[in-house]
Amino acid sequence: MDTDKPAKWPVPSVFMRVNLWFKSGMPELPEVEVTRRKIAPRLVGRVIAGVHTAPDSYFFLTKPPELKRRLVGRAVAGLERHGKYLVAALDDASRLLLHLGMTGQLFVQGSSSLRLLSSTSRATLKPEDQTAFTPDGHTHLRLAFEDGGPEVWFRDVRKFGKVLWIARGADDERLSRLGPDALTATGDLLWAASRGKTVAAKNLLLNQSVIAGVGNIYADEALFLSGVRPTRKAGKLTRKECDALAANIRKVMQRSIETGGSSISDYISPDGADGSYQDERQVYARKGQACRVCGTPIRKITLGQRGTHFCGVCQK
DNA sequence: ACCGCACCCTGAGCGC
DNA sequence: TGCGCTCAGGGTGCGG
């Protein structure tokens with residue numbers, strides 16, 4: 001946050017932190033898992049009575065009219081996570097697939113969170129004036145329930161998120177091609193998947209059919225912790241490096257889930273990045289800052305169209 | 001088969 | 001003050 005300009009309202013430290021989170025808070029596996037844990041108790045066991053949507057867009061892989069037809073009257077039997085996908089099991093054995101994309105927010109009606117406001121509002125609104133979020137044009141899906149309780153809302157500014165209804169017994173390529181979950185990543189898996197591959201190590205980690213759930217932030221972090229340069233050809237990884245990468249992927253994911261869950265009190269984490277893991281980041285969004293291990297400025301390059309951060313000394 | 005890259009989208013931030 | 005530009009990236013799909 002720019003501290004040179006006077007704020008219209010004294011800015012508490014939490015606001016500054018929120019702004020930092022917003023910059024880098026995109027849903028990867030930990031954010032999706034935290035969202036799942038928070039939303040599941042508010043979803044499972046309830047019967048959908050109404051489906052309200054924003055105008056059709058490519059956000060809807062299943063178009064709104066069909067979505068309404070398929071969902072109304074269904075009870076939610078469970079909420080699972082597959083990589084970065086959330087899958088709600090319905091009582092007729094069909095499924096509702098949700099992906100948060102880059103900016104997706106799944107939360108319960110009545111939530112009030114700074115994250116649901118524009119940065120201007122966050123900076124100027126007095127904390128005591130903050131009220132529960134009301135649906136806006138980015139709120140694409142609202143599920144109402146027969147019990148009359150709070151609705152579950154899906155908001156997504158950039159519409160990179162997805163909603164898809166999957167018929168009973170049907171497979172969906174999005175799910176079936178996912179590799180093992182990142183929380184269970186093993187060196188064996190990475191070793192086998194990387195042999196003979198010329199793709200950059202980072203791009204291998206981002207390939208959801210190899211490991212499901214790794215995104216840009218945690219790929220950079222795991223590579224740093226493993227001492228592997230993101231550009232290294234996957235096929236050149238040693239067995240030990242594969243073991244280290246797998247262990248560090250599990251580590252950063254688990255750590256982020258823990259911190260993500262711990263900082264959420266009375267509202268649902270809307271886009272999942274309310275945790276404090278960003279305080280532990282070693283390289284992501286730290287371009288030019290000193291490596292926490294050797295002091296060398298962190299470098300940033302573009303790899304696979306993604307910002308990629310690494311220490312040129314610690315990562316070989 | 002594998003790999004690189006364009007594209008979808010909107011808001012923040014910045015230079016002028 | 002405001003305009004126009006760049007950047008952010010998950011996943012899909014296509015061309016080489």
Side-chain angles (χ1 to χ4, degrees), chain A residues 1-5 15-16 18-32 35 54-61 81-86 97-106 114-124 136-140 154-164 172-179 182 192-221 230-236 270-273 278 281 284-287 300-309:
Chain A
M1 169 166 285
D2 189 344
T3 52
D4 294 336
K5 297 175 184 172
F15 279 59
M16 302 172 69
V18 162
N19 280 339
L20 286 173
W21 299 340
F22 201 76
K23 265 187 168 177
S24 58
M26 69 285 296
E28 298 189 25
L29 182 153
E31 291 76 16
V32 176
T35 298
D56 187 23
S57 66
Y58 76 95
F59 175 87
F60 294 101
L61 295 179
R81 181 188 57 75
H82 299 268
K84 302 176 201 173
Y85 289 94
L86 287 174
L97 178 147
L98 306 169
H99 195 289
L100 300 179
M102 272 290 295
T103 52
Q105 303 169 307
L106 190 65
L114 300 174
R115 310 287 237 85
L116 293 167
L117 305 172
S118 70
S119 67
T120 306
S121 300
R122 278 200 300 276
T124 57
D136 60 5
H138 302 305
T139 309
H140 304 290
F154 190 173
R155 179 175 186 256
D156 184 3
V157 169
R158 287 187 205 168
K159 295 206 284 271
F160 282 10
K162 293 283 175 285
V163 176
L164 172 70
D172 186 77
E173 270 296 300
R174 291 169 181 77
L175 295 177
S176 57
R177 66 173 167 237
L178 290 177
S194 60
R195 293 310 86 193
K197 299 291 173 58
T198 59
V199 68
K202 177 176 177 179
N203 289 342
L204 183 82
L205 300 186
L206 291 177
N207 186 338
Q208 301 298 297
S209 64
V210 174
I211 302 178
V214 180
N216 203 42
I217 297 176
Y218 298 106
D220 280 5
E221 295 298 315
T231 50
R232 182 105 68 82
K233 300 273 185 263
K236 299 285 191 182
D271 65 5
Q278 72 284 346
R281 283 200 315 256
Y284 186 83
R286 295 195 67 241
K287 177 188 177 184
K300 180 181 180 185
I301 61 173
T302 297
L303 187 59
Q305 315 227 188
R306 303 292 183 261
T308 298
H309 314 72

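Any value given below was found using the heavy atoms of this structure, including those in side chains, with hydrogens, waters and symmetry copies removed. In the text below, chain A, chain B and the rest are named by the order of the sequence lines, each starting its count at 1.
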What residues form a side-chain contact (heavy atoms from CB on, under 4.5 Å) with A:A193, not counting sequence neighbours?
A:V210

Using the ring pair (Phe, Tyr, Trp, His ring centres under 6.0 Å) criterion, which residues pair with A:F59? Sequence neighbours excluded.
A:H140, A:F154

Just to verify, what does A:K84 make a side-chain contact (heavy atoms from CB on, under 4.5 Å) with, not counting sequence neighbours?
A:V32, A:H99, A:Q208

First of A:Y58 and A:H138 reached from the 5' end of DNA chain B, by closest nucleotide:
A:Y58

Counterpart residues, side-chain hydrogen bond (donor to acceptor under 3.5 Å, both in side chains), relative to A:R306 (two or more places apart):
none

For A:V157, what residues pass the side-chain contact (heavy atoms from CB on, under 4.5 Å) criterion, not counting sequence neighbours?
A:T103, A:H138, A:R155

Tell me which residues in residues 193-201 of chain A lie within less than 4.0 Å of DNA chain B, going by non-hydrogen atoms.
A:K197, A:T198, A:V199

Please name all residues satisfying side-chain hydrogen bond (donor to acceptor under 3.5 Å, both in side chains) with A:N203, sequence neighbours left out, ordered by chain then number.
none

Pairs: protein N or O with nucleotides 12-16 of chain C N or O, under 3.5 Å:
residue, atom, partner, partner atom, Å
C:dT12, OP1, A:Y85, OH, 3.4
C:dT12, OP1, A:R177, NH2, 3.0
C:dT12, OP2, A:R177, NH2, 2.8

Smallest heavy-atom separation, A:G104 atom then A:P27 atom, equals O-CG, 4.3 Å

Under the side-chain contact (heavy atoms from CB on, under 4.5 Å) test, residues paired with A:L175 that sit two or more places apart
A:H82, A:Y85, A:V87, A:R95, A:L97, A:I166, A:L178

Does a nitrogen or oxygen in the side chain of A:Q208 sit under 4.0 Å from OP1 or OP2 of C:dG10?
no

Residues forming a side-chain hydrogen bond (donor to acceptor under 3.5 Å, both in side chains) with A:T198, sequence neighbours excluded
none

Which is true for A:G307 with a 4.0 Å heavy-atom rule: it touches a base, it touches only sugar-phosphate, or it touches nothing?
sugar-phosphate

Separation of atom OH in A:Y284 from atom P in C:dG10, rounded to whole Å:
8 Å

Under the salt bridge (charged side-chain N to carboxylate O under 4.0 Å, His left out) definition, can you give me all pairs with a residue in residues 204-213 of chain A, not counting sequence neighbours?
none

Can you list every stem that DNA chain C is part of, counting only runs of 3 or more consecutive Watson-Crick or G-U wobble pairs with both distances under 3.5 Å?
B:2-16 with C:2-16

